[in-house]
Amino acid sequence: MSAPVALIDCNNYYVSCERAFDASLVGVPVIVLSNNDGCAIARSAEAKAQGVKTGDPIHLIQGKVKAHGIRVLSSNYALYGDMQRRVVAAIQPFARDFEIYSIDKTFVDFAGFEHLDLVAHAREMSAQVREWTTIPTCVGIAPTKALAKLANAAAKKNPLFEGVADLRDETTRNWVLDRFAVGDVWGVGRATATKLQGLGIRTAGQLRDMAMKQARGIGTVVLERLIAELRGVPAAAVETVEPQRKGMAVTRSFGTPVADIDTLMGAVAQYAMRAGEKLRQHGLVARRVTVSFHTNPHKPERPQYSATRTLSAQPMTNDGLVILGLARRGVESAWREGYGITKAGIMLEDLVEERLRPLALFEGDTEKRARLMSAMDEVNGRFGKFAAVPATQGFKRDWAARSDARSPSYTTRIAEVPAVRA
DNA sequence: TCTGGGGTCCTAGGACCC
DNA sequence: TCTGGGGTCCTAGGACCC
């Protein structure tokens, strides 16, 4: 039997973060919207009970919002990121190794802890997170990551588990797998679920028992690995070191479609500067810069246009103005008149740590530019985003996305720390 | 589905090379 | 060039996840 793995997952994470700082949100239906205030990406239990689904466009559920007094918030990623650090700090003492899988999920390697009552151990871990952050969590324990994810879902769904499901025991495991819909298994999306159902495979138990060869036929090696994991054979380890990231992107939808190149260039300029800033924050430089923009693919009756252009930075760079220069060339070569552009983005690939950057033959005065960039970072950090911007970016941002109901940056911006009155 | 933004991994096909 | 086998690199697109 392989070493036990646990997945600790925060319940309704974004909503729970908001509730940690605003008691009026407790006990009432709450949803948090995506970046563009477009759709619901987090829902409290009360909002779920009113039938709000993940991804519901806000304009489609306005009736429900009014009828049930659902509180609607824009997302506040600075807050959620900061809260995550506190959650991880609470988890840390309960294992030697763990993997921060996403903003609200952490895999915990329980190797070497098998002699403990792991269910009790997991409950203590969960209680520690709650005490330090107020955030409720559920834990799933199993021999593989895929099964730990499934155990976690079971712990969330079935009150019998009281927040911690241990699927190391085969009888319990089979019981859960036979009742678990195949489409809810981690790694089975809509496309694969449809194909599996066509073969009569409806439960996680049936997926586990599927012939590998048949699985390869409808999926890829990824589906084969998933089946191995459902059988209790690990195909993925708990990754304790953060992997080098492969790419980085800044993309946004526009509030209103853009039909002229200057306006598009203004948006692209902002994304390019932001992309450079992100690279510097992570201590990275990039080789490939891709700029892309397209019309709204959800309006098939309109003429569509989609363009991407990839350019190389020589030498590798994290200079926003260099990225902007390349992106500008890309936009100029790809621009076509007569379309309403609804989304644009900058993607950076071939990333390398700045200190490992290969030296180019002719570098130019990179040091001066590096000082300019860090000066801009400082100005923007102190006086707010967009205090210092290149002229291309412009000051009118008609196309800008909406974010009307963002909560204050309680933990990351001194001016917005909540005041306590005696 | 009137649909956000930021990622990863995998596969297929073409260009090119020896 | 009416042509073998094998390798790498690149791009585009699909699928999935949070």
Side-chain angles (χ1 to χ4, degrees), chain A residues 7 9-14 31-43 52-63 74-77 80-81 84 99-107 145-146 149 152-153 182-196 215-226 235-236 239 242-255 257 267 271 274-275 278-279 282 287-288 290 292 294-302 306-312 342-351 400-403 406:
Chain A
L7 177 68
D9 188 343
C10 300
N11 302 348
N12 315 326
Y13 182 61
Y14 296 172
I31 59 175
V32 176
L33 301 179
S34 59
N35 243 345
N36 209 19
D37 281 353
C39 50
I41 51 171
R43 309 109 71 214
V52 180
K53 302 269 183 295
T54 302
D56 274 355
I58 184 66
H59 53 87
L60 285 187
I61 57 169
Q62 284 299 358
S74 300
S75 40
N76 183 347
Y77 293 100
Y80 313 147
Q84 181 192 23
E99 170 186 345
I100 300 170
Y101 177 76
S102 71
I103 197 155
D104 64 339
K105 290 172 182 51
T106 302
F107 283 104
K145 287 167 94 175
K149 187 82 163 63
N152 190 288
V182 76
D184 293 338
V185 174
W186 188 39
V188 177
R190 219 172 35 179
T192 308
T194 306
K195 286 186 209 160
L196 288 171
R216 188 62 196 239
I218 66 158
T220 66
V221 64
V222 176
L223 188 62
E224 288 184 334
R225 283 185 205 142
L226 175 59
E239 304 289 349
E242 209 179 323
Q244 164 74 54
R245 48 199 286 128
K246 304 251 159 62
M248 198 178 268
V250 179
T251 65
R252 293 283 182 281
S253 294
F254 300 142
Y271 306 164
R274 173 66 191 132
K278 268 173 91 168
L279 279 175
H282 287 84
R287 164 93 62 209
R288 278 146 53 90
T290 300
S292 66
H294 61 74
T295 50
N296 185 354
H298 306 298
K299 303 236 178 200
E301 72 279 10
R302 306 251 177 88
S306 166
T308 69
R309 292 289 185 276
T310 301
L311 299 105
S312 278
T342 54
K343 186 171 178 176
I346 298 278
M347 265 180 295
L348 304 166
E349 289 162 296
D350 288 5
L351 308 183
R402 298 169 292 265
S403 186
R406 178 172 300 149

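First the proteins, then the strands, lettered A, B, ... as listed; each starts at 1. In what follows, every heavy atom counts, from backbone to side chain, and hydrogens, waters and symmetry copies are set aside.
Residue contacts for D104(A): at a heavy-atom cut-off of 4.0 Å it reaches the sugar-phosphate backbone alone, with no base atom in range. Among the heavy atoms of the strands lying under 4.0 Å from G187(A) are primed sugar atoms or P, OP1, OP2 only; no base atom is included. As judged by a 4.0 angstrom heavy-atom cut-off over every strand, K278(A) is placed among residues touching the sugar-phosphate backbone only. R309(A) comes within contact range of no nucleotide atom at all, as no heavy-atom separation falls under 4.0 Å. Using a 4.0 Å heavy-atom distance criterion, V185(A) is classed as a sugar-phosphate-only contact. Residue contacts shown for G247(A) are limited to sugar-phosphate atoms, with no base heavy atom under 4.0 Å away. Nucleic acid contact for R245(A): sugar-phosphate only, since backbone atoms but no base atoms lie under 4.0 Å from a heavy atom of the residue. Within 4.0 Å of T192(A), counting heavy atoms only, lie sugar-phosphate atoms of the nucleic acid but no base atom. Contacts of K149(A) with the nucleic acid, taken as non-hydrogen atoms under 4.0 Å apart, involve only primed sugar atoms and P, OP1 or OP2.
By the 6.0 Å contact criterion, CD on E242(A) is open, its count of non-hydrogen atoms from other residues, nucleotides or ligands being 12 or less.
A search for ring pair (Phe, Tyr, Trp, His ring centres under 6.0 Å) contacts involving Y80(A) returns Y14(A), Y77(A), not counting sequence neighbours. In this structure, S306(A) has no side-chain hydrogen bond (donor to acceptor under 3.5 Å, both in side chains) partners at least two apart in sequence or on a different chain. Scored by the side-chain hydrogen bond (donor to acceptor under 3.5 Å, both in side chains) test, T251(A) finds no partners at all (sequence neighbours excluded). Every residue two or more places apart in sequence or in another chain was checked for a side-chain hydrogen bond (donor to acceptor under 3.5 Å, both in side chains) with R225(A), and none qualifies. Residues forming a side-chain hydrogen bond (donor to acceptor under 3.5 Å, both in side chains) with S292(A) (at least two apart in sequence, or on another chain): none. Residues satisfying the side-chain contact (heavy atoms from CB on, under 4.5 Å) test with I218(A), not counting sequence neighbours, are K195(A), L196(A), L199(A), M210(A), L223(A).
For dC16(B) and dG4(C), the C1' atoms lie 16 Å apart once the distance is rounded to whole Å. When the P atom is used for both dT3(B) and dC17(C), the distance is 22 Å, rounded to whole Å.
Heavy-atom distances to DNA chain B give each of T251(A) and P57(A) a nearest nucleotide, and the one nearer the 5′ end belongs to P57(A). Checking L60(A) against K246(A), the closest nucleotide of DNA chain B that is more toward the 5' end is the one next to L60(A).
Here the side chain of E224(A) pairs no donor or acceptor atom with the backbone of G219(A) at under 3.5 angstrom.
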Once Watson-Crick and G-U wobble pairs under 3.5 Å are found, how is DNA chain B written in dot-bracket notation, 5' to 3', with | for any base paired to another strand? ....||||||||||||||

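Think of the region where chain A sits on DNA chain C: with heavy atoms and a 4.0 Å cut, that region ends 5' and 3' at dT11(C) to dC18(C).
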Residues 182-193 of chain A side chain polar contacts: donor-acceptor under 3.5 Å, at least two apart:
none

